[in-house]
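Data first, discussion second: the structure below is written as structure tokens.
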Amino acid sequence: ITFSSPESLHNILFYLGKYPPENLDLPLFRARGKNSVLGYEAVRAYLLRQNRNLGWQDKRVGNYSYITSKSFRVFFANELDDADLDYRKIRLMMGHKMPGVDRNYFKKNAKKLLEEYKKGLHRLTFKEKLLTIEREGDVLEMNEMKTRMNQLERALRDYMDVQKEKQNKG
């Protein structure tokens, strides 16, 4: 289950359109110029550059720069908590397992988690009008997104076909 804000979905689709994987076995987010997973150090270096670009290089919390990869998870949890979402559901949305014996009794229910997430989504986005797209939904109201997804899928298939042809010739 993935919970994503409209802004992050837009940027993920932009990234995949610009840097599509060569095949479906490769990670979606790859190190620059490589087919390996984008590593922690690359993300850390990127965030350090952004901190400097924003003039935040002096702002530190302990040994950490002002914005770290963990900052996004902390923001997510705190904003949903401030929106009075259930603590257990926030933990499940973040991919945490329930501790101890609770794990046997509380299972992920995607529909309930989505409903809970929608209650706090306004705290995670700059958009005033929110539209959710559910994989199991009957109708996608967002034609633009559907068209863009179709374009990306076609481009990825075409690219993969060209790569197969090159392999077959070589």
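For the single chain, residues carry numbers from 1 onward in sequence order. The structure displayed is predicted, hence computed values, not measured ones.
When all heavy atoms are compared, the tightest approach of Ala83 to Gly120 is CB-CA, 3.9 Å. The shortest heavy-atom contact between Leu28 and Pro21 is CD2-CG, 4.2 Å. Summarising the geometry of Leu152 relative to Leu16, their closest heavy-atom pair is CD2-C, 4.4 Å, with the distance given to 0.1 Å. Annotation for Lys34 and Arg30: closest pair O-CB, 3.5 Å, computed over non-hydrogen atoms. Of all heavy-atom pairs between Asp82 and Arg123, the closest is CB-NH2, 3.5 Å. Smallest separation of non-hydrogen atoms from Met93 and Leu80: SD-CD1, 3.9 Å.
To the nearest 0.5 Å, atom CG of residue Leu54 and atom CD1 of residue Ile67 are 8.5 Å apart. In this structure, NZ on Lys111 lies 15.5 Å from CD on Glu116, to the nearest 0.5 angstrom. The CZ atom of Arg73 lies 9.0 Å from the NZ atom of Lys70; values are rounded to the nearest 0.5 Å. The CZ atom of Arg52 sits 11.0 Å away from atom CG of Leu47, with the distance rounded to the nearest 0.5 Å. Here Arg44 contributes atom CZ and Asn51 contributes atom CG; the two are 11.0 Å apart, rounded to the nearest 0.5 Å. Atom CG of Leu113 is separated from atom CZ of Arg88 by 11.0 Å, given to the nearest 0.5 angstrom.
Ion pair Lys112/Glu115 not flagged as a salt bridge, since none of the NZ, NE, NH1 or NH2 atoms sits closer than 4.0 Å to an Asp/Glu carboxylate oxygen.
Ring centroid separation for the pair Tyr15 and Phe29 comes in under the 6.0 Å cut-off.
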### Query
Given the rule in the side chain to side chain contact (heavy atoms under 4.5 Å, CB included) test, do Asp158 and Val162 qualify, once you have shown the distances and angles that lead to the verdict?
CA-CA 6 Å; Asp158 292 346; Val162 168; 5.6 Å; no

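Using a distance-only test at 3.5 Å, with no hydrogens or angles considered, a donor-acceptor pair links the side chain of Asn78 to the main chain of Val74. Remark: the backbone N or O of Leu26 is paired with a side-chain donor or acceptor of Asn23 at under 3.5 angstrom. Judged by distance alone, the side chain of Glu22 and the main-chain N or O of Gln163 form no donor-acceptor pair under 3.5 Å.
The same ILVMFWY cluster, assembled from side-chain heavy atoms under 4.5 Å apart, contains both Phe72 and Tyr46.
No side-chain heavy atom of Lys169 sits less than 4.5 Å from a side-chain heavy atom of Lys166.
No more than 12 heavy atoms of other residues, nucleotides or ligands shown are found within 6.0 angstrom of OH on Tyr19.
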